[in-house]
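Model, not experiment: these values are computed from the prediction. No hydrogens, no waters, no symmetry mates; every other heavy atom, side chains included, goes into these values.
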Amino acid sequence: MKPEILSYPEFSKKLAGRHLAALMGLPGRSGSVLMVAVTTPGAPSAGEEAGACPPGGLQLPATVVEGTFPSLTLEHPQAHGFEREFFEEWKVRPEGHPWLKPVRFPQGQPGLTDFFKVSGEEIHEVAVGPVHAGVIEPGHFRFQCRGEEVLHLEISLGYQHRGVEKALPGASPARSMAYVETLAGDTSVGHALAWCRNLEALAGIRVSARAEALRAVALELERLANHCGDLGALAGDVGYLPTASFCGRLRGDLLNLTGLACGNRFGRGWIRPGGVAWDLEPVRAEQIRTRLAGIMRDVRQALDLLGRSGSVQARFERTGILTREAALELGLVGPVARASGVALDCRRQFPWGPYLDPAFPVCTGLLGDVACRARVRIDEMEVSAAFLDSLLAHLPEGPLRVGMRAMAPKAFSVSLVEGWRGQICHVAATDTQGHLLACKVVDPSFRNWFGLALALRGQQISDFPLCNKSFNLSYCGHDL
Amino acid sequence: MLRVVTWAEQPSDWWGWLLVLTGLVSGILGVVFALAQHDLKRLLACHSVENLGIIALGLGLGLLGLSGGSPLAAALGLGGGLLHVWNHAWFKSLLFMGAGALGKATGSLQIESGGGLLRRMPGTGGAFLVGSAAISGLPPLNGFVSEFLIFMSALELLASVHPLAGAAGLGGLALISGLAVACFTKVCGVVFLGEPRSPGAQKATEIRGSMLVPMLLLAGLCLLVGVMAPLGIGVLGAPLQQLAPQADLEPIRGSLGWVAALGGLVLLAGLGLGHALSRRPSQPGMTWDCGYSRPTARMQYTAASFAGPLLEMFSFVLKPRHHGSPLEGHFPAPVGHHGEVCDPFTQRLYEPISRSLMRLALRVRVFQHGEVQLYLLYILITLVALFIWEAL
Amino acid sequence: MSMLLGLFLAPLLAGLIHRVKAFFAGRQGRPLLQLYWDLARLVRKHMVLSRTTTPVFLLGPALSLVSLLACLTLIPLGGPALLRFPGDILLFLGLLALVRFATVLAAMDTGSSFEGMGASREVAIGALAEPGIFLSLAVLVVQTRALSLSGIWARSGPELWSRAGLVMVLVGIAMFLLLLAENSRIPVDDPNTHLELTMIHEVMVLDHSGPALAVIEYASALKLWIGSLLLSSLVFPLHSGSAWLDLLGGVGVVFLVALAVGLVESTSARLSMLRVPQFVGLSSALSLLALFLVIR
Amino acid sequence: MLKALLARLNQGHRTAVGIPEALPDRTLGRPRFQPVRCAEGCSECARVCPTAAIVPGQTLDLGSCLFCGECARVCPHGAVRFGRSPAMAVRRRSDLVLSGPDLQLAEALDEQALRLFGRSLRLRQVSAAGCNACEADVNVLGTLTFDLARFGIDFVASPRHADGLLVTGPVSRNMREALLKTWQAVPAPRLVVAVGACAISGGPCFDHEQTCGGTDGLLPVDLYVPGCPPNPWTILDGLLRLLGRLEGPEAG
């Protein structure tokens, strides 16, 4: 597919009612920048049956901008982060952007920005981070509080900026795989998959059915491990010991299943351009299948305990509510958006290989509170476990890996993968020689961070860790 | 008041009850309102209400002791109340002087514009800390001694003749002192500790010695009464013998001796241990700020936020008002926020009365013309009316 | 003797609670003596002192430790306490208030919003807990007609339980709830959490290090010991005739209380910060109910 | 409560007794590097190495190695082979640069430090642009299986309470100041543990201007734990060796 170059008003109109998957710049003629949007169909309205969003429907509107352009954010709030990023990268100013602050601080001095401020002598600010209390990545959170109540939360990231996105096009094949597998360490499989699918599309090759099935195994194992860990962490945040300890251990067991398959607990080195690097022999597949069944039995028990504990549910319910409207307007993705009733799932919208099942379940919630976000994760674990079970029982035959070919010149490719956090979007463009010219990586966290900030308004500050865990976003996936 | 009440041979119960109830209401309301104040002088004024409440509570318990026939409770309650009158005079003058010094040094009496003053005004700050501990009723200071006596009186009543009053006094006074601790940790913490929150506090310096010395003297007095508690009872002995002659105060004197000794010991040992700690090897640093490079003074807890959880619980009496526009949209514009607690008496009692008085006055003005003849006529009419009334 | 026991055994309680929780989680868990090792390490370390702080920063922990030690001299265990006089209950409570005053000010001294947040929560809970403690002790005073802790200990016991079992149960529950609240245990606070924004006790001492932190940790172990000891000596005292047996029984009950704390922590979640006042209020209500049952 | 107890009985006691001698079959453990086997002029391994960790015929830098195993796969002479032992942590950076099959594993701290930290060690973890994989594997140490706390080691919230830093990530330029500030907030005596290829050498981002290329040069590192990410057993093994709880060439 090629971007369709439009005038600015037409371009802006093209975005209406659609989900903005990515917004990137490509160098244009004589200092101008070609702004390309990747859009997918918007969510089905709340009344329709969940998952009614039909497959396909990708669009690539583009326009040429130079110097300044009228900000898209006013009409399409979901563009706010992309525009800030665009400005930081291309120095083209979106005029009228309500909140044009640095995203990644590529020039250093992180955290040096005008924070939104509620004035008044009673208001105090709580500044948390970059070094947090737990074993987590760095980021800066600025709360405007009156007593225990959060009036506003602003999140300023960029501490993790390593310059990976910039380095991707020129890197050797081996190094670029190392890059994408560490884009967000807990989503190694998701990003590796999105990256490889782009390369394969540009080279015009198709991977075998077996490789596709094994890729799906890797992706779903990653989802299971992370959802399980998140649920345990949620229990831990409210101090509920049994589920926290059990799920913590089970997450490790799930990671070990991936380790059993490819030697790395995070699935690094499993997915490679052209297919996969490790096969699952029948014995190994069966071993994973039985161990998975055992793990899921323990998981169900741990989660049953969580569901039955009144003291836990009291903490989860009506905490950190994110409305469906807000989730839609801000273009949130993944379990977070689905918990608010936005029935979007790339496995359903852009299916491939084993996902080509028109009835693949999309799990949604209604209220968008912590309880819903936990519920959606529980449901998705069940779906993934059942899917994996049947997949492992009937792995199709075929070669593991096909050889890569040269990539097409002047081509443009978009790859959308539903990682465990949500939609991962990779965009790659080649130059006239068929070398990579530019790459764009959109981790689901890039969008969802703002959802967290919004969900915190009017909440108790002591509930922040709980809300944060219920989103569980990646810092380095955002900072790249 | 005590004089009048004790004229009667056997005071009746309801006098005591009345005093206990008034004491409780004024004590609890006083401290709750103090907790909500932003201005140091107003806060201290509210605490006067609280302390008068404690005094009334002590006297009330004492009267109940008299009427119920428990001389010990009577002596303890009355003695505690009387002692608290003294004590209050000392620590409250100390605190007001401290507030004055603060106003002079920083140019503001707003609590929120203090901060870090103990470093800049160690004398004032130290004296104020002692006064705060005293007014919060902490051992080994004088406030604890008088509250100790009142508590003892309540316990006596509880175990003997007036259990209900004893329980009310005990629970009420406990709540009051718990809240007083909250209130004075707020003041000391926000005004004297941490980093300066305003330019005034930034450049504050210690006040003149002539202002400082009385404060230090008063602070010393607070401590002295605390650790010399058994002697204090001796001073009170004579009037108490008159009020409650049958009371045997010897065990109380013993208890106070222990209180003073142990309290004094705690203070000395605490200072010693603190000193020992400060001699340990240390390296200077910054307050831990999560590695953030640009902390500001706004990143300190404010007094309002500090008291927030407690005020929330008492919002049914305080009726706090918050001014400020809500945040709108995903990317709100900066907004301001301001909260205040109005004095309910001003708001719901004095203001309506004064308003209706004014209205009445305006109506009455019809009669006022400024002409002497008319006024003479008014007098005449009044006289006639009086005569008629008299005749009837 | 009982005082020495407290001094040496207090850090063991924390280890015991950890062991109970470890059992429930299905892990080996920390060594029982871990807190002793921690203290030994901390006293030998350096301190980092913030340039913002004043002597209050170190005086706070020192005063609270010393006050708790003084409290320890007042509580009976297996025999009357070292010091006993009518009204020692009040001095005991006054010293606890002093502990709170000192720790809160030491926390506020750093000028950090975290410590301020913890201090604010601490005073709110403390102010509400105060009437609860007074009232539950008042019930015991009325029941035993004694004005000192040792006096209550002497007259409390099986006989009192058979006479006023219900009242004692209520007082026992109220005091246990207060123990949880005052010692920052689940469901009020989570001693295991590392998240600044949700903690109460831990967040107040975020800036203390080295020997000062050792003093704080030891003081909080003592506070837990004292709280459990109150329950053991005043609500469930043993009067077997043999002082040694009484002592052993008393210490046994203290450990049972710790066991119960561990059990609660293993099986329930934390309350939302908004609910904590209700939780603390509940203990006051329980003791009030007991009091009315007694003086009716 | 009964339910919780039943669940506990069902899930069982899960703490592992010792560190396993071998990791699962496909997992890459400590490599055996034999440059003597290298053929003149062969540079297959260097061609496929993402981080230039290997110099054919000379050295293999475990501190840069991502354990992708590509070198072992392409080497026609068997000069690089990956074993399955998790024990890999060392005390000196130079020990990670292998020029033969031997690896000098971490020895214990000196006696004075051991007396201080032997039974009680508190670490403050700082993620300096780590990708959350090392962080996850450090977190895993707190779970039932590894149960780090049983050795008296724990992670704490405040650097003031800590005895050292455990650093992950290549130290982005944006995190440099925060890392140094955290270090200054730790009271002496103190340790530094660098976990993962990124923290040791910068990992895949070793030559980016946006990163400092690891912890070396910024902080005095006491223990290096290689891997991308290191297996949790590797981290545990390293910490226990540092505390003198584990000796000998293999894990016990």
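- Heavy atoms of A:Arg104 lying under 4.5 Å from chain D belong exclusively to its backbone.
- For D:Asp147, no part lies near chain A; criterion is any non-hydrogen pair under 4.5 Å.
- Under the 6.0 Å cut-off for aromatic ring centres, A:Tyr475 and A:Tyr159 do not qualify, their centroids lying 6.0 Å or more apart.
- With a threshold of 4.5 angstrom between heavy atoms, A:Pro138 approaches chain D through its backbone and through its side chain.
- Applying side chain to side chain contact (heavy atoms under 4.5 Å, CB included) to D:Cys71 and the options D:Cys49, D:Cys45, D:Cys65, D:Pro56 leaves one that passes, D:Cys45.
- Relative orientation of the A:Tyr179 and D:His208 rings is tilted, given thresholds of 30° and 60° on the angle between their planes.
- No part of A:Pro173 comes within reach of chain D, as not one of its non-hydrogen atoms sits under 4.5 angstrom from that chain.
- For A:Ile136, the part lying under 4.5 angstrom from a heavy atom of chain D is the backbone only.
- Using a 4.5 Å cut-off between heavy atoms, A:Arg265 touches chain D through its side chain atoms alone.
- Between chain D and the options A:Leu260, A:Asn264, A:Asp479, A:Asp304, the largest number of non-hydrogen pairs under 4.5 Å is found for A:Leu260.
- Heavy atoms closer than 4.5 Å to chain D are found in both the backbone and the side chain of A:Ala302.
- The parts of A:Arg249 that come within reach of chain D are both its backbone and its side chain, each placing non-hydrogen atoms under 4.5 angstrom from that chain.
- Under the 4.5 Å side-chain criterion, counting only non-hydrogen atoms from C-beta, D:Leu96 is in contact with D:Asp61.
- Interface remark: A:Ser172 contributes no atoms to any contact with chain D (heavy atom separation under 4.5 Å).
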Passes salt bridge (charged side-chain N to carboxylate O under 4.0 Å, His left out), A:Arg284 versus A:Asp279? Steps please.
-> CA-CA 9 Å; A:Arg284 204 179 286 265; A:Asp279 194 14; over 6 Å; no
Can you list the steps and then say if A:Asn472 with A:Asp230 is a side chain to side chain donor-acceptor pair (under 3.5 Å)?
-> CA-CA 7 Å; A:Asn472 192 11; A:Asp230 282 356; 2.4 Å; yes
